[in-house]
Peer 1: 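Here's a structure for you.
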Amino acid sequence: MSHDRLERLRKLNRKRFKRHTGIYPETFAEMELVLDQRERSKKKSGRPPALDASEQLLLTLEFWREYRTFAHVGHDWNIHEPPCSARWSASKLP
């Protein structure tokens, strides 16, 4: 389900993309690169994340854009509230 959200977002034109996320597609792509580099440099242990870095970024942007509760965002992304807040805090850019 969440993968579909990201794919649908990528198909939007530039103006609608910015309206949905608050940033332009080019900025999103640059942020994705930074997050991917960060993920590759991390030591992996434990359970794999339910959302990949791009999906976590989109979740964070939606949260910032709409200021909804983690319970609502988690419901939309089909994950529980605690992992949602953990993913949001983990996907903050340094």
Side-chain angles (χ1 to χ4, degrees):
M1 179 187 159
S2 57
H3 183 69
D4 293 337
R5 282 176 89 96
L6 190 57
E7 291 307 313
R8 282 185 287 136
L9 180 72
R10 290 184 195 279
K11 292 178 184 176
L12 296 177
N13 66 32
R14 194 170 188 268
K15 184 177 177 181
R16 291 191 65 202
F17 188 100
K18 184 172 190 309
R19 186 168 184 195
H20 183 80
T21 63
I23 62 173
Y24 288 110
E26 301 84 10
T27 307
F28 187 85
E30 289 179 32
M31 293 171 84
E32 277 182 305
L33 287 175
V34 170
L35 287 174
D36 286 340
Q37 290 171 353
R38 181 176 158 237
E39 284 297 311
R40 281 186 295 221
S41 69
K42 285 171 51 175
K43 184 177 180 181
K44 303 288 182 180
S45 64
R47 185 177 177 172
L51 304 175
D52 67 21
S54 298
E55 293 168 333
Q56 290 178 31
L57 174 59
L58 181 56
L59 181 146
T60 301
L61 292 172
E62 286 181 354
F63 174 77
W64 285 343
R65 183 82 170 148
E66 300 170 11
Y67 290 110
R68 297 175 355 164
T69 66
F70 287 128
H72 289 120
V73 174
H75 182 268
D76 282 353
W77 283 86
N78 201 25
I79 59 176
H80 295 286
E81 182 178 353
C84 180
S85 62
R87 293 190 199 316
W88 175 80
S89 61
S91 56
K92 289 183 190 174
L93 293 175

Peer 1: Hydrophobic cluster membership, with links at side-chain heavy-atom distances under 4.5 Å among I/L/V/M/F/W/Y: are Y24 and L33 in one?
Peer 2: no
Peer 1: For a 4.5 angstrom cut-off between non-hydrogen side-chain atoms, does E7 reach R10?
Peer 2: yes
Peer 1: Does this structure show an ion pair linking E62 with R65, if we count only N-O contacts that are shorter than 4.0 Å?
Peer 2: no
Peer 1: Would you name the heavy atoms of D36 and A53 that are closest together and state the gap between them?
Peer 2: OD1-CB, 3.8 Å
Peer 1: Compare all side-chain heavy atoms of L9 with those of H20 and state whether any distance is below 4.5 angstrom.
Peer 2: yes
Peer 1: Can you measure from CZ (F17) to CG (L61) and round to the nearest 0.5 angstrom?
Peer 2: 7.5 Å
Peer 1: About how many Å separate CG of D52 and CG of L57, when rounded to the nearest 0.5 Å?
Peer 2: 10.0 Å
Peer 1: Got a sec, which residues hit side-chain hydrogen bond (donor to acceptor under 3.5 Å, both in side chains) with R14, two or more places apart in sequence or on another chain?
Peer 2: E26
Peer 1: Just how far is it from atom CD of E32 to atom CG of L6, taken to the nearest 0.5 Å?
Peer 2: 6.5 Å
